[in-house]
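To start, the structure under review is shown below, and the notes come after it.
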Amino acid sequence: MRELIAEVVVAGAGPTGLMLANELALAGVDVVVLERLPVRTGLSKALNLQPRTAEVLDLRGLLGRAEERSFATVADGHFAVIPVGYTGWDTRHPYQVGIPQAQVEAALEERLAEQGVEVLRGHELTGFEQDAAGVTVTARGLRVRAAYLVGCDGGRSAVRKALNLPFEGIEGRGHGVSADVLFRTTPPGAPTRWRSMGNMVTSHSPGKFIGLIPLGEPNLYRLSYGDRLSRPADLRAEVPEAEVRAAVRERFGDEVEVEEIRWASRYSDDSRLAAKYRVGRVLLAGDAAHVHFPAGGQGLNLGVQDAMNLGWKLAAELRGRAPAGLLDTYEEERRAVANRVLQNVAAQNALIPVTPDQLALRALFRDLTAIPEVERHLSGLVSGLDIRYATDETHPAAGARLPDLLLGEGFASDLFHKGKFVLLTKTPAPAPHPEVVVAEVPDLPWPDLTEVLVRPDGYVASTTGSTDGWLA
Ligand SMILES: Cc1cc2nc3c(=O)[nH]c(=O)nc-3n(C[C@H](O)[C@H](O)[C@H](O)COP(=O)(O)OP(=O)(O)OC[C@H]3O[C@@H](n4cnc5c(N)ncnc54)[C@H](O)[C@@H]3O)c2cc1C
């Protein structure tokens with residue numbers, strides 16, 4: 001058995017685990033990444049980066065890499081497939097990046113390799129034991145001793161199960177299927193470029209939905225279909241090709257021919273949230289901590305932002321610069337965000353109509369989205385742009401995301417590439433702590449403030465520039 005010593009073990013090299021490992025490596029933490037699969041599948045569940053995820057990737061200089069691999073720029077988001085735009089938001093990225101999950105993972109793994117961390121593949125975590133000083137993790141053929149373990153091992157997380165944590169939420173009745181389908185010819189009415197979420201999915205009989213997203217190759221589409229009211233007994237069983245072909249026929253008629261079904265996967269409409277995100281020296285992030293129906297395209301985005309929230313806090317704890325309780329704010333902040341996502345997903349599911357009165361409700365809801373404040377509220381919910389963390393300060397800026405500012409030749413986001421705190425100040429000031437980068441700015445988005453301290457993940461820590469409670 002190979003023995004390793006590290007500061008943090010990350011179990012799972014999906015988007016969450018790879019983002020977290022990058023954050024830890026950036027902070028100089030010795031991290032080991034264990035991945036069950038011997039090789040990448042190259043398959044993708046998620047297809048999008050929400051505007052806030054684009055912003056956080058930009059904070060680390062990673063957005064360009066993702067955009068190079070993208071196949072579409074989608075002008076709006078959606079709520080229950082009712083398009084909601086981002087015009088009400090002050091962001092440099094008022095769009096969704098259309099990018100397969102496998103490409104997000106490839107971009108993150110490429111950066112991780114540049115930071116000298118290799119993913120240890122074929123090493124499934126099979127167990128762990130924790131004591132006061134650390135965690136001993138067993139993976140196939142490997143034992144690692146570390147100060148912390150983070151389970152980023154997906155919805156069926158072995159780490160969460162070993163912790164015996166309740167994983168409860170909203171029990172659904174339905175299911176959905178995603179399949180990547182190559183058609184012989186373009187289906188009638190199907191878009192050839194993914195520009196908007198509008199009308200991608202249509203209801204064609206009560207409780208059912210079906211739609212197509214073009215994947216950037218001629219006649220290759222993501223087919224999504226499902227039923228709010230029924231599910232097969234075994235959700236994990238392979239999706240039969242005949243079922244996918246039947247769904248295509250039902251919606252588009254016999255004249256549309258399927259050339260190849262490259263991948264198909266079934267999922268439930270259950271939503272679940274782990275009762276805790278931390279037990280001693282073991283933490284959870286991403287799908288290991290929360291799962292839900294992929295309404296609005298939020299899951300991957302939630303996981304990447306979990307990682308962005310946890311990385312700098314865990315690094316601070318390991319380096320002795322975290323004030324008491326800082327690491328626990330990870331659960332406080334991110335569990336509340338996930339809970340809100342679960343609620344918006346439940347609301348979206350309720351807008352897939354089953355009865356005539358629900359159809360009328362959906363039509364009314366669509367009309368309401370024409371009101372700018374309503375549209376802003378909904379796009380804020382699904383994009384992550386409305387996230388604001390609780391702080392002791394009452395100023396509206398406290399805990400809010402810093403909108404990216406033009407600073408001379410560059411942008412404020414450039415100041416965050418090293419993963420440190422940033423003090424933006426209108427008057428010259430010395431750095432209050434070695435972990436703080438200071439930048440003089442002509443203006444702030446809040447005219448009554450003269451300086452703000454911004455956390456490494458881009459949220460305002462203090463509207464007076466104080467490091468109290470943030471850096472020891
Ligand atoms: C059909 C479908 C469509 C979706 N579409 C979208 C979308 O459009 N937008 C969006 O944002 N989200 C979408 N999602 C959700 C998104 O795919 C997930 O939220 C995302 O994959 C979560 O990332 P993760 O890294 O937390 O977990 P995963 O992607 O599940 O990664 C977990 C990793 O851990 C590994 N692993 C598992 N067990 C172990 C172990 N014991 N030891 C070591 N490694 C282990 C796995 O092999 C895997 O590589 C969709 C989901 C589904 C099912």
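What you see is a predicted model; the values in this text were computed from it and never measured. First listed ligand is number 1; within each ligand, the first listed atom is number 1.
- A side-chain donor from one of Gln305 and Thr53 sits under 3.5 Å from a side-chain acceptor of the other.
- Between Glu333 and Arg388, none of the side-chain N atoms (NZ, or NE/NH1/NH2) sits under 4.0 Å from a carboxylate O, so this pair counts as no salt bridge.
- The closest approach between Cys152 and ligand 1 falls below 4.0 Å for a heavy atom of the residue.
- Using a 4.0 Å cut-off between a side-chain N of Lys or Arg and a carboxylate O of Asp or Glu, Arg36 and Asp153 do not qualify as a salt bridge.
- Ranked by closest heavy atom to atom 27 (O) of ligand 1, the top entry among Gly14, Gly154, Gly226 is Gly154.
- Remark: minimum distance from atom 17 (O) of ligand 1 to any protein heavy atom is reached at Gln101 OE1, 2.9 Å.
- For the pair Arg160 and Phe167, the cation-pi criterion (under 6.0 Å, within 45° of the ring axis) is fulfilled.
- In terms of N/O distances under 3.5 Å, ligand 1 is not approached by Trp263.
- Short contacts between ligand 1 and Gly297, defined as distances under 4.0 Å to a heavy atom of the residue, involve ligand atoms 7 (C), 8 (O), 9 (N), 10 (C), 11 (O).
- When Asp287, Leu284, Val33 are ranked by how near their heavy atoms come to atom 19 (O) of ligand 1, first place goes to Asp287.
- Residue Pro15 holds the heavy atom nearest to atom 23 (O) of ligand 1 of all those in Gly303, Ser157, Pro15.
- Lys45 is not listed as a side-chain neighbour of Pro294, based on a closest heavy-atom distance of 4.5 Å or more.
- Taking a cut-off of under 4.0 Å to the non-hydrogen atoms of Tyr267, the atoms of ligand 1 that pass are 1 (C).
- Closest to atom 44 (N) of ligand 1, if we only count protein heavy atoms, is Arg36 N, 3.1 Å.
- If you check which protein heavy atom lies closest to atom 39 (C) of ligand 1, you get Asp153 CB, 3.6 Å.
- Set against the non-hydrogen atoms of Leu37, the atoms of ligand 1 under 4.0 Å away are 47 (O).
- Salt bridge annotation for Arg145-Asp131: present, with a cationic side-chain nitrogen under 4.0 angstrom from a carboxylate oxygen.
- Judged by the 6.0 Å and 45° rule, Arg92 forms a cation-pi pair with Phe411.
- The closest approach between Gly286 and ligand 1 falls below 4.0 Å for a heavy atom of the residue.
- Listed by number with element, the atoms of ligand 1 under 4.0 angstrom from any heavy atom of Leu47 are 7 (C), 8 (O).
- Of the protein's non-hydrogen atoms, the one nearest atom 7 (C) of ligand 1 is Asn48 OD1, 3.2 Å.
- Below 3.5 Å of separation, one finds an N or O of Leu300 facing an N or O of ligand 1.
- Summarising the contacts of atom 41 (N) of ligand 1 with Val341, Val119, Leu125, Leu34, the nearest heavy atom is found in Leu125.
- A salt bridge links Glu7 with Arg319: the distance from a Lys NZ or Arg NE/NH1/NH2 to an Asp or Glu carboxylate oxygen falls below 4.0 Å.
- Side-chain contact between Trp312 and Leu26 is absent, with no heavy-atom pair separated by less than 4.5 Å.
- Contact of the Arg266 side chain with the Arg231 side chain is not registered, since no non-hydrogen atoms from C-beta on lie closer than 4.5 Å.
- With Glu124, Gln96, Glu105, Lys45 as candidates, the residue nearest to atom 3 (C) of ligand 1 on a non-hydrogen basis is Lys45.
- Listed by atom number, the atoms of ligand 1 under 4.0 Å from Ser178 heavy atoms are 1 (C).
- Among all non-hydrogen protein atoms, the one lying nearest atom 34 (O) of ligand 1 is Gly12 CA, 3.2 Å.
- Of the candidates Arg40, Arg266, Arg121, Glu35, the one placing a heavy atom closest to atom 49 (O) of ligand 1 is Glu35.
- Scanning all protein heavy atoms for the shortest distance to atom 13 (C) of ligand 1 gives Ala46 CB, 3.4 Å.
- Considering Arg65, Arg69, Glu68 as possible partners of Gln103, the one that fulfils the side chain to side chain donor-acceptor pair (under 3.5 Å) test is Arg69.
- For ligand 1, the polar-atom distance check against Pro294 finds no nitrogen or oxygen pair separated by under 3.5 Å.
- Geometrically, Arg52 engages Tyr459 in a cation-pi contact, judged by NZ or CZ lying under 6.0 Å from the ring centre and within 45° of the ring axis.
- A salt bridge between Arg40 and Glu35 is absent, with no side-chain N of the basic residue lying under 4.0 Å from a carboxylate O of the acidic one.
- Residue Thr16 has at least one nitrogen or oxygen atom sitting less than 3.5 Å from a nitrogen or oxygen atom of ligand 1, judged on distance alone.
- Taking the six-membered ring for Trp and the full ring otherwise, Tyr267 and Phe293 have centroids separated by under 6.0 Å.
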